[in-house]
Asks: 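Sharing a structure with you now.
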Amino acid sequence: MTYELIAFYAFAAVTVLAALGVILARNPVHAVLSLVLTFFSAACLWLLLQAEFLGVVLVLVYIGAVMVLFLFVVMMLDINTTPLREGFVRHLPFTGAVVVVMAAEMVMLIGMQRFELSLSATDPAAAAGQTNLEWIGLTLFSKYILPFETAAVILTVALVVAVMLTLRRRPGTKHQDPARQVAVRREDRVRLVKVAAEPRQEGNP
């Protein structure tokens, strides 16, 4: 059994176990850490297959997006996170274990010097005499430039529509006018009224 095959089985086992941890963990913090480890192990598998672009995108986009999504869901559900913040220290062992596993996977990738090996003859990048990143970039912006631009336009329209739906005027709701807020003066908000003192009447305390 070669070192590359051992690394593949190790990454695959960690990915499966971490994915099970996402489902079975009752603590949301442990579930998110397990999900991060799942994506990182899957990225190691992509790097093992010499798909560097997919591995880097998986780490930069999905891990960051999942963390932001987790925080967004917590805020939307109004979950009381005070007990989680108070018990921060008790999450350190699990966090340390995740960090150790990720560091071990990085050492395994660096140790086998996989990036110095040549691609297989059936790989389109190898057939074109290019690296994986070069082939993806040239193919995406030449052969598939029209679908790429179409997807960009669709995403832009979706973003504009989402903003319009959020800012639409609905009856019975309050709205802010930033222009009026900036142009407000002190005299418009506070008015000092001078009231003459009344003489004290006898019999009144």
Side-chain angles (χ1 to χ4, degrees), residues 1-77 79 81 83-85 87-117 119-120 123-125 130-137 139-141 144 147-148 151-152 154-156 158-159 162:
M1 183 177 291
T2 61
Y3 183 80
E4 179 183 351
L5 191 57
I6 295 175
F8 172 80
Y9 282 124
F11 296 154
V14 172
T15 304
V16 173
L17 292 178
L20 291 176
V22 176
I23 302 174
L24 300 178
R26 304 188 56 158
N27 192 310
V29 177
H30 293 174
V32 170
L33 291 175
S34 300
L35 190 57
V36 170
L37 182 58
T38 303
F39 283 139
F40 188 83
S41 302
C44 292
L45 290 174
W46 283 117
L47 292 176
L48 195 63
L49 298 174
Q50 296 183 352
E52 296 88 0
F53 177 77
L54 296 177
V56 172
V57 168
L58 189 62
V59 172
L60 295 181
V61 177
Y62 279 84
I63 292 180
V66 166
M67 295 301 295
V68 173
L69 179 62
F70 171 74
L71 295 177
F72 177 75
V73 171
V74 169
M75 290 185 296
M76 289 296 294
L77 296 179
I79 298 177
T81 58
L84 297 178
R85 291 195 298 267
F88 177 77
V89 177
R90 59 189 176 90
H91 298 305
L92 288 180
F94 188 83
T95 306
V98 172
V99 172
V100 169
V101 173
M102 293 172 65
E105 292 178 345
M106 294 176 63
V107 171
M108 292 182 67
L109 283 175
I110 297 174
M112 65 181 169
Q113 300 178 353
R114 174 64 181 168
F115 303 106
E116 297 180 1
L117 301 178
L119 296 173
S120 61
D123 189 274
Q130 301 169 345
T131 63
N132 183 264
L133 293 177
E134 291 175 345
W135 181 82
I136 290 178
T139 305
L140 183 63
F141 290 101
Y144 297 99
F148 180 77
I154 293 175
L155 291 176
T156 304
L159 179 62

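These numbers come from the heavy atoms of this one structure, side chains and all, not from hydrogens, waters or symmetry mates. Since the model is a prediction, treat every value here as computed from it, not as a measurement.
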Asks: In terms of ring plane angle, is the pair Phe141 and Phe148 parallel, tilted or perpendicular, where the classes change at 30° and 60°?
Replies: perpendicular

Asks: Of all the heavy-atom pairs spanning Val22 and Leu35, show the shortest one and how long it is.
Replies: CG2-N, 3.3 Å

Asks: So which heavy atom on Ala7 is nearest to which on Leu48, and how close?
Replies: C-CD2, 4.4 Å

Asks: How close do Ala43 and Gly55 get, heavy atom to heavy atom, and via which atoms?
Replies: CB-O, 3.6 Å

Asks: Using 0.5 Å steps for rounding, measure from the CD1 atom of Ile154 to the CG atom of Leu159.
Replies: 14.0 Å

Asks: Let me confirm one number: the CG-CH2 distance from Leu58 to Trp46, rounded to the nearest 0.5 Å.
Replies: 9.0 Å

Asks: Could you give the distance from CG (Leu47) to CG (Leu54), rounded to the nearest 0.5 Å?
Replies: 9.5 Å

Asks: Is any side-chain heavy atom of Phe39 less than 4.5 Å from a side-chain heavy atom of Val59?
Replies: no

Asks: For Thr15 and Ala42, work out which heavy atoms get closest and say how close.
Replies: OG1-N, 3.8 Å

Asks: For the residue pair Ala31 and Ala25, what are the closest heavy atoms and their distance?
Replies: N-CB, 4.0 Å

Asks: Work out which heavy atom in Ala12 is nearest to a heavy atom in Leu45; give both atom names and the distance.
Replies: N-CD2, 4.1 Å

Asks: If you round to the nearest 0.5 Å, how far is CH2 of Trp135 from CG of Leu140?
Replies: 10.0 Å

